[in-house]
Amino acid sequence: MQQINNKSLLSFMVTAADNAVAVTNPATGELVGHAPISSEPELMDAIERANVAQKEWAKVPAKSRAVLLNRWYQLILENKDDLARIMTVEQGKPLAEAAGEVLYGASFIEWFAEEAKRTYGDSIPGPTADKRLVTIKQPIGVACAITPWNFPIAMITRKAGPALAAGCSFVVKPSDSTPLCAFAIVELAYQAGIPKDALQVVLGESSRQIGAIFTSHPLIRKLSFTGSTQVGSVLMQQAAKDIKRTSMELGGNAPFIVFDDADIDAAVQGAMASKFRNAGQTCVCANRFYVHSKVYDEFVTKFDAAVQQLKVGNGLDEGVNIGPVISESAKQGIQALIDRAIEQGAVPVSALKQLDGLFMQPVILKEVQHSMDIVQEEIFGPVAPVIRFETDEELIDMANDTIYGLASYFYSQNIHRVWKVAEALEYGMVGINEGIISTELAPFGGVKQSGIGREGAKQGIDEYMDVKYLCFGGN
Ligand code: SIN
C-alpha cells in the first residue's frame, strides 16, 4: 500500500498477530495487511461504550450532528483516491469503479446530514375537544450492522449515515474480506469530529459470534444486515427472541426484460451496466434476461459484441472493466452453475475461456430455459443467461416466480405496457429503460425474501427512529 498518500487511513493496521484478520488482494493473492480482531470482553466493552456515547450523541442538536456529518462527507471526498485504491486492493473492483463507490458511499453521508434536520413528527386532530395529539421521533439507541464485502464502503455509510443522523450510536462489523475500507472510512469520521465511541468498527472471532452478540446483547436495539437471505433469516430468528428491530437487505434474482418494442441498443447498454457492475457481484445485478422472441437474436448478438469488449484483469491496471471474483469458493460456485446450465441445454454465445486465479471471463448463455438452476439461483458473477418469451402474461409469471423481490428491470417504449408491467412486478425496485437504479435519493430495498426496510431516501432514517405518541389531555 505504498501508494496511499494519507497514511492515517491505515493507522489501525496491526502487524501479523494472533488477533488479526489477514487481508489478501483477490487479484494477486498477495497479503495486503492485518486488521485487529476484538476479544469477547472487548466487544462487550465496545457495546457498553456505544451505549454511553449514544446518550450524549442524542443530545447534540440535529443541526450540529449535520455539521459533523457534512465534515465527514467532505473528508471522504478529499480522500477519494486513497480510499478507492484501498478498495481495489482488498476487494478487487477496478479503480474507476472503486472511486465511483467512494462517491456513492459519500452521498449517503451528505444526504443524511440533511435529513438529520428533518425528522419531523405530526400534529394529529384529537378525538375529543380536550385532547391534543402529537408524535415525535426519537433515536432507537445503539444500532449495529453487519456489512458485506461487495460494497465495502457504501454499505457502511448507507447505514451509519442515517443512524448517526438520527442520534443513534453505531457499531459495525464489516466483512473479514474487506475490513480495511471500513476502518479507513471510520477514521475519517473521527477526523471530522464524530465521537469515537459513537461510531465503532469491530471484527470478532467469527461472523457467527458477532451475529449472536448483535442479536442478543440487551443494550443493542437494532440490527441492520446486508448479505444473504439464508444468514438474514438466521439473524432475524435470533433477534426475534428479544424483539430487536431489524433491517434486512438480502439476496436478489433480478429479471432483466426486453420487450419487442424496446430500443435494443439502449437495452444492451443497460444490460451491460446492470449485469457487469462489480463483476456481477451485487444484489441488484441482472441475474436472468428474458427477451421477446422477435428481438432475441438481435439482442443476443449485440449484447455479446459488447461483452467481448470487456477487459478482465487487475483493477489497478488501466482499462480493466472486470476484476476478480472475491474467492475461490465463489468462483467454483459460479463455474458449477455455468457447467450445469450447459448440461441442461444452454449454449455459450462465444467460446468459453478459463482464466487463472480468481478471474472469470464474462459469458452470455443463450437457449436458456426458465426452469434451469442458473435462472433459479443468485449467480453473483459475470454470467448472463438469456431466456426467450412470447407473451406478457407468461413473462410476468416467470419474472415473479422466485422467492426474491429486490430489483427488476425492463425495456419497452409502450407507455401502457410500462405501467402494467411496473405494477405487476413483485419487486421493491424497478428500472424502466434503465440499468442503474441505485442512488441515495431513492429508497433501496426488497420485498418477499429479499428483505425488510428501506435504505437511503427519506425513508432511510426512520429505520433508526422510534415514533412516540404524546397525548395532551385536559385542555
Ligand atoms: C448490494 O449489492 O447489496 C448493493 C448494491 C447497490 O447499492 O447498488
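Sequence positions, counted from 1, serve as the residue numbers for this chain. Atoms within each ligand, like the ligands themselves, are counted from 1 in listed order.
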Listed partners of Ser107 passing side chain to side chain donor-acceptor pair (under 3.5 Å), at least two apart: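 Side chain to side chain donor-acceptor pair (under 3.5 Å) list for Ser107, sorted by chain: Glu440.
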Can you list everything that forms a side chain to side chain donor-acceptor pair (under 3.5 Å) with Thr215? Sequence neighbours excluded, please. Gln238
Below 3.5 Å only, please: the N or O atoms of ligand 1 paired with protein N or O atoms, distance on each line.
| residue | atom | partner | partner atom | Å |
| --- | --- | --- | --- | --- |
| ligand 1 | 2 (O) | Asn150 | ND2 | 3.3 |
| ligand 1 | 2 (O) | Cys283 | N | 2.7 |
| ligand 1 | 3 (O) | Glu249 | OE1 | 3.1 |
| ligand 1 | 7 (O) | Tyr104 | OH | 2.7 |
| ligand 1 | 7 (O) | Arg158 | NH1 | 2.9 |
| ligand 1 | 8 (O) | Arg277 | NH1 | 2.9 |
| ligand 1 | 8 (O) | Arg277 | NH2 | 2.9 |
| ligand 1 | 8 (O) | Ser438 | OG | 2.5 |

Between Ile109 and Asn70, does the side chain to side chain contact (heavy atoms under 4.5 Å, CB included) criterion hold? Intermediate values first, please. CA-CA 7 Å; Ile109 304 302; Asn70 258 319; over 6 Å; no
Check the angle between the aromatic planes of His370 and Tyr290 and answer parallel, tilted or perpendicular using the 30° and 60° thresholds. tilted
Run the ring pair (Phe, Tyr, Trp, His ring centres under 6.0 Å) check on Phe108 and Tyr73 step by step: do they pass? CA-CA 9 Å; Phe108 291 105; Tyr73 165 67; over 10 Å; no
Scan for salt bridge (charged side-chain N to carboxylate O under 4.0 Å, His left out) pairs involving residues 106-119, sequence neighbours excluded, and state none if there are none. Glu114-Lys117, Glu114-Arg118, Glu115-Arg118
